[in-house]
Amino acid sequence: RYKLFAQNKDLKVGVVGYSTTTQIQNPDNRGTLDDAIKFTDTMVTTKEAVNAAFDTALTTVRGDTTDIQMGIRSAASLFSDSTTSKKYIILLTDGIPNVAEGVIPTVKTDGTGFESAYDMDVFNPTKAEVKGLETKGINLISILIHMEDRELPICTMTQGEIQTMYETIGRPISEAGEKPTYLDVSQYIFGKETNPTTGTNYYIPTDEDIYDYITKSVYDSLIGDPIK
């Protein structure tokens, strides 16, 4: 992030979290914009302000639900209405969404997790939010970590919905399991690296690779399309 500031004196940055604290602070507000936290109320213009935002993010208690839809919507709201500025959202996630606008997972009676969390009522609104960035002139760079080819532990999708997902991502039904995998869902929402829903996707297999992807691939793509 320091190098980007050095490259462009007009750079503005915002920081948003979406691992929902509403699960802890106000469960009734899950599935709303309260699922996202703005660690910068507006775009900031100094590396010191960005550092402070990340320090706050790292020390903030996070909840158990992941509302990517509201994270994207909250991040998009930080941008001005300018039609000449280059606008980017860099999304980092090591999970798939299990809550979306108006869709709240059922909490187990013992409070240890969710009875149902992964279904099209969550995936489709999230995908629409991703796709909708195009009409807002916002470029999405998705950094998708640990999207394993491992079946979801909980899935309430119908067989028809599962088949639709497989057809969308081009996965042969004969090769699929009874439930979609994390990779299936991620590709359904964000697309593949070669065919993203919008913007650019980086599928990162391990934590050790995150730094290199961000400081090289993502940085080079931003510098290659200079930010105004």
Side-chain angles (χ1 to χ4, degrees), residues 17-20 22-24 27 30-32 35-36 62-73 91-133 140-210 213:
Y18 54 88
S19 181
T20 57
T22 48
Q23 170 69 18
I24 300 168
R30 283 176 296 159
T32 72
D35 282 345
R62 293 181 289 275
D64 296 329
T65 48
T66 303
D67 195 340
I68 293 176
Q69 180 193 23
M70 290 303 157
I72 290 174
R73 187 175 299 180
L91 172 75
L92 285 86
T93 184
D94 62 357
I96 58 175
N98 55 10
V99 62
E101 185 174 22
V103 182
I104 303 171
T106 303
V107 181
K108 291 182 178 180
T109 55
D110 62 5
T112 59
F114 302 100
E115 298 288 356
S116 60
Y118 301 118
D119 58 43
M120 289 298 219
D121 288 341
V122 170
F123 303 150
N124 282 334
T126 305
K127 183 174 183 175
E129 201 77 29
V130 168
K131 185 67 175 176
L133 292 175
L140 179 66
I141 298 175
S142 301
I143 301 174
L144 307 160
I145 309 158
H146 295 307
M147 297 302 166
E148 301 172 345
D149 207 15
R150 175 170 55 90
E151 287 189 353
L152 302 177
I154 304 169
C155 178
T156 57
M157 296 169 62
T158 67
Q159 285 302 308
E161 289 172 334
I162 293 174
Q163 183 170 343
T164 296
M165 176 175 287
Y166 291 156
E167 289 173 351
T168 300
I169 65 177
R171 181 172 185 179
I173 301 297
S174 59
E175 297 178 5
E178 293 184 3
K179 294 184 289 188
T181 67
Y182 289 92
L183 181 61
D184 290 335
V185 174
S186 182
Q187 290 181 343
Y188 177 76
I189 294 172
F190 297 99
K192 299 180 180 180
E193 287 189 347
T194 55
N195 186 27
T197 300
T198 188
T200 304
N201 293 339
Y202 296 100
Y203 282 90
I204 302 179
T206 67
D207 289 343
E208 289 73 20
D209 296 320
I210 297 173
Y213 270 89

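Between Tyr202 and Tyr213, the ring planes are perpendicular. Angles over 60° get that label, and only those under 30° would be called parallel.
With a 4.5 Å cut-off on side-chain heavy atoms, Pro97 and Asp67 do not count as touching. Residues Thr93 and Met147 have side chains in contact (heavy-atom distance under 4.5 Å, counting atoms from C-beta outward). Arg171 places none of its side-chain heavy atoms less than 4.5 Å from the side chain of Met165. The shortest distance between side-chain heavy atoms of Gln187 and Asn195 does not fall below 4.5 Å. Counting heavy atoms from C-beta on, the side chains of Pro180 and Cys155 come closer than 4.5 Å. Within the 4.5 Å cutoff, the side chain of Tyr188 has heavy atoms near those of the Asn124 side chain. Side-chain atoms of Ile162 and Thr158, non-hydrogen and from C-beta on, never get closer than 4.5 Å to each other. Ile96 places none of its side-chain heavy atoms less than 4.5 Å from the side chain of Thr66.
Asn201 CG to Leu140 CG: the interatomic distance, rounded to the nearest 0.5 Å, is 7.5 Å. Here CD of Gln69 is found 10.0 Å from CD1 of Ile189. Values are rounded to the nearest 0.5 Å. For the atom pair Glu101 CD and Thr32 OG1, the distance stands at 8.5 Å (nearest 0.5 Å). Note that CG of Leu183 is 13.5 Å distant from NE2 of His146, once rounded to the nearest 0.5 Å. Rounding to the nearest 0.5 angstrom, the gap separating the CG atom in Asp94 from the OH atom in Tyr182 is 10.5 Å. For the atom pair Glu151 CD and Asp184 CG, the distance stands at 9.0 Å (nearest 0.5 Å).
A search for side chain to side chain donor-acceptor pair (under 3.5 Å) contacts involving Glu148 returns Arg150, not counting sequence neighbours. Qualifying side-chain contact (heavy atoms from CB on, under 4.5 Å) partners for Thr206, counting only residues two or more places apart in sequence or in other chains: Glu208, Asp209.
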Query raised in the report: Would Leu144 and Ile204 satisfy side-chain contact (heavy atoms from CB on, under 4.5 Å), going step by step from the backbone distance to the final call?
Result: CA-CA 6 Å; Leu144 307 160; Ile204 302 179; over 6 Å; no
Query - Residue pair Tyr203, Ser186: steps toward the side chain to side chain donor-acceptor pair (under 3.5 Å) verdict - result: CA-CA 9 Å; Tyr203 282 90; Ser186 182; 3.2 Å; yes
Requested in this report: Show the numbers, then the answer: is there a side-chain contact (heavy atoms from CB on, under 4.5 Å) between Ile143 and Leu91?
Outcome: CA-CA 6 Å; Ile143 301 174; Leu91 172 75; over 6 Å; no
Query raised in the report: Between Met157 and Phe123, is a side-chain contact (heavy atoms from CB on, under 4.5 Å) present by the stated rule, with each step listed?
Result: CA-CA 10 Å; Met157 296 169 62; Phe123 303 150; 3.8 Å; yes
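Between the side chain of Lys131 and the main chain of Thr198, no donor-acceptor pair closer than 3.5 Å is present.
Scanning all heavy atoms of the two residues, the minimum distance from Pro196 to Gly199 falls at CG-O, 3.2 Å. Of all heavy-atom pairs between Ala100 and Thr126, the closest is CB-OG1, 4.4 Å.
A donor and an acceptor atom, one from each side chain of Glu167 and Gln163, are located under 3.5 Å apart.
Geometrically, Lys127 does not engage Phe190 in a cation-pi contact, judged by NZ or CZ lying under 6.0 Å from the ring centre and within 45° of the ring axis.
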